[in-house]
Every structure is written in C-alpha cells, then in structure tokens.
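A short write-up of the structure that comes next.
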Amino acid sequence: MMKLVIAVVQDTDAANLISALSKVGLTSTKLASTGGFLREGNTTLLIGVDDERLDTVKNTIRDTCRTRTRLLTPGVPMTDNPNAGSDQPVEVQVGGAVVFVIDVTEFLKF
Ligand code: 2BA
Ligand code: 2BA
C-alpha cells in the first residue's frame, strides 16, 4: 500500500526538506501555494511513499521544518480574533509543517 503525503511548509524550509527526502531516496513534487489566512506564499509538497517508509517521511519533515512566529499586519480579515480591527500586529504561529496523509488507490506511470 502507498500513501500520498501532502505537506504545506514554509518556502524557507522547502529546499532543505526536498534535499533531505531525496537523500533517503524519496521523491517529491513541489507546488507553489498560498496560505488562505496570511495570503503569503508557501510550498506544498506531494510525496508518494510506500507505507513502510511513511515514518521516514514524517520524521524528515519534523526534523527539517521549524515553527516560526509571524506578525500579521492589521487589516487582514480574521475570525475569532479579539484584536481584529485594532492597529496592533498580531503574532501568529506558522507551523513547522501541516501534513495530510491520504491512502493512494493507484499509483500509475504512463
Ligand atoms: P523528479 O522528482 O524531478 O524526477 C524525475 C525522474 O528522476 C523520475 O521520473 C525518475 O525517473 C527519477 N527519479 C526521481 N526520484 C528518484 C529517486 N529517488 N531515485 C531514483 N530516481 C529517481 P518519474 O518517476 O517519471 O517522475 C516524474 C516526476 O513525477 C518527478 O520529477 C516528480 O515530480 C513526480 N513524482 C514521481 N514519483 C513521485 C512520488 N512518489 N511522489 C511525488 N512525486 C513524484
Ligand atoms: P495560512 O492559511 O496562511 O495560515 C498561516 C497560519 O495562520 C497558520 O499556521 C495558523 O497558525 C494561523 N491561522 C490560519 N488560519 C487561522 C484562523 N482561521 N484563525 C486563526 N489563526 C489562523 P499553520 O496552521 O501552521 O498553517 C500553515 C499553512 O498550512 C496555512 O497557511 C495553510 O496554507 C496550510 N493549512 C493549514 N491548515 C490547513 C487545512 N486544514 N487545510 C488546508 N491547508 C491548511
């Protein structure tokens, strides 16, 4: 069985992550993406991997991608934010990585 790992990472971590995956023989596809909340560029990696190597992928992502704090500029619409509408920048934790793991029904190459 195979999984598709969808990992949303920060642009600054993407190159290191791709290299680290490649070093252990894992293939990835890099997509340029934009976060819906910050409206800033991020990177989405698609990583198709055999089940036995899923932990390697997770560990590599964990080891490569760091959590950072970003200052959100006022004026960006938000929900559930008590500071909404004020002039104070709001600190937002930007994840090391947001990871989805999906069962792959078929992996085909034509
Ligand atoms: P690339 O990663 O640039 O890989 C280009 C070609 O290099 C691959 O062709 C394959 O022949 C070889 N290659 C890639 N990774 C390798 C590795 N770890 N060891 C040995 N050879 C490797 P394709 O297999 O036809 O793949 C074409 C493109 O499809 C890849 O471009 C990548 O963007 C995507 N892809 C392939 N397998 C993937 C996977 N398991 N997960 C995510 N994306 C994949
Ligand atoms: P953004 O949507 O630009 O979100 C950046 C960070 O802003 C998030 O970090 C989170 O700390 C915060 N944030 C996002 N939505 C929020 C909200 N409704 N209220 C308060 N704070 C909010 P991460 O959670 O680490 O997410 C980083 C990036 O991963 C996101 O960028 C988005 O592109 C992607 N992502 C996260 N969760 C997702 C999900 N459930 N589905 C699809 N993409 C997701």
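We count ligands from 1, going down the list as the structure has it; atoms in each ligand are counted the same way. Note that the numbering runs from 1 along the sequence shown for the chain.
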- Measure from the side-chain N and O atoms of Thr34 to the backbone N and O of Gly41, and report whether any donor-acceptor pair falls under 3.5 Å. no
Distance filter under 4.0 Å to [X] heavy atoms, resulting ligand 2 atoms:
{"X": "Val92", "value": "6 (C), 7 (O), 11 (O), 12 (C)"}
{"X": "Val8", "value": "28 (C), 29 (O), 33 (O), 34 (C)"}
{"X": "Gly35", "value": "1 (P), 2 (O), 3 (O), 31 (O), 33 (O)"}

Please check [atom] for a protein heavy-atom neighbour under 4.0 Å.
{"atom": "atom 28 (C) of ligand 1", "answer": "no"}
{"atom": "atom 1 (P) of ligand 1", "answer": "no"}
{"atom": "atom 38 (C) of ligand 1", "answer": "yes"}
{"atom": "atom 42 (C) of ligand 1", "answer": "yes"}
{"atom": "atom 9 (O) of ligand 1", "answer": "no"}
{"atom": "atom 18 (N) of ligand 1", "answer": "yes"}
{"atom": "atom 14 (C) of ligand 1", "answer": "yes"}
{"atom": "atom 21 (N) of ligand 1", "answer": "no"}

- Message: Please list, in number order, the atoms of ligand 1 under 4.0 Å from a heavy atom of Gly25.
- Response: 18 (N)
- With a cut-off of 4.0 Å, which atoms of ligand 1 are near a heavy atom of Lys109? 23 (P), 24 (O)
- Message: Check this for me - ligand 1, Gly48, N or O atoms closer than 3.5 angstrom, yes or no?
- Response: yes
- Message: Please check whether Phe100 reaches ligand 2 - meaning an N/O of the residue sits under 3.5 Å from an N/O of the ligand, judged on distance alone.
- Response: no
- Minimum heavy-atom separation for Thr60 to Thr56, with atom names? OG1-O, 2.6 Å
- How close do Ala7 and Ile61 get, heavy atom to heavy atom, and via which atoms? CB-CD1, 4.0 Å
Output the distance between atom [atom1] ([X]) and atom [atom2] ([Y]), rounded to the nearest 0.5 Å.
{"X": "Thr105", "Y": "Met2", "atom1": "OG1", "atom2": "CE", "result": "11.5 Å"}
{"X": "Leu17", "Y": "Leu26", "atom1": "CG", "atom2": "CG", "result": "10.0 Å"}
{"X": "Arg53", "Y": "Leu21", "atom1": "CZ", "atom2": "CG", "result": "9.5 Å"}

- Evaluation steps, side-chain contact (heavy atoms from CB on, under 4.5 Å), between Glu91 and Leu71: CA-CA 5 Å; Glu91 276 200 354; Leu71 281 182; 3.5 Å; yes
- Task: May I ask you to identify the nearest protein heavy atom to atom 32 (C) of ligand 1, giving residue, atom name and distance to one decimal place in Å?
- Result: Thr29 OG1, 3.2 Å
- Query: Would Ile6 end up clustered with Phe107 when hydrophobic side chains under 4.5 Å apart are linked, directly or stepwise?
  - Reply: yes
- Query: Strictly by modelled atom types, are Asp13 and Thr64 linked by a side-chain donor-acceptor pair under 3.5 Å?
  - Reply: no
- Item | Polar side chain donor-acceptor pair, Asp11 to Thr43, under 3.5 angstrom | yes
- Task: For ligand 1, indicate whether the residue Thr27 contacts it via side chain, backbone, both or neither (heavy-atom separation under 4.0 Å).
- Result: both
- Check Ser28 against ligand 1 and report side chain, backbone, both or neither, counting heavy atoms closer than 4.0 Å. backbone
- Message: With a heavy-atom distance limit of 4.0 Å, tell me whether Leu38 approaches ligand 2 through its side chain, its backbone, both, or neither.
- Response: both
- Task: Mind checking whether Asn42 contacts ligand 2 via backbone (N, CA, C, O), side chain (CB onward), both or neither, at a 4.0 Å heavy-atom cut-off?
- Result: side chain
- Message: For atom 36 (C) of ligand 2, tell me which residue out of Val90, Val99, Val98, Thr67 has the closest non-hydrogen atom.
- Response: Val98
- Would you say Leu45 and Ile18 make side-chain contact, with heavy atoms under 4.5 Å? yes
- Item | Stepwise side-chain contact (heavy atoms from CB on, under 4.5 Å) check, Thr27 with Ile47 | CA-CA 6 Å; Thr27 307; Ile47 307 151; over 6 Å; no
- Task: May I have the step-by-step check of side-chain contact (heavy atoms from CB on, under 4.5 Å) for Phe100 and Leu4, ending in yes or no?
- Result: CA-CA 8 Å; Phe100 305 86; Leu4 176 64; over 6 Å; no
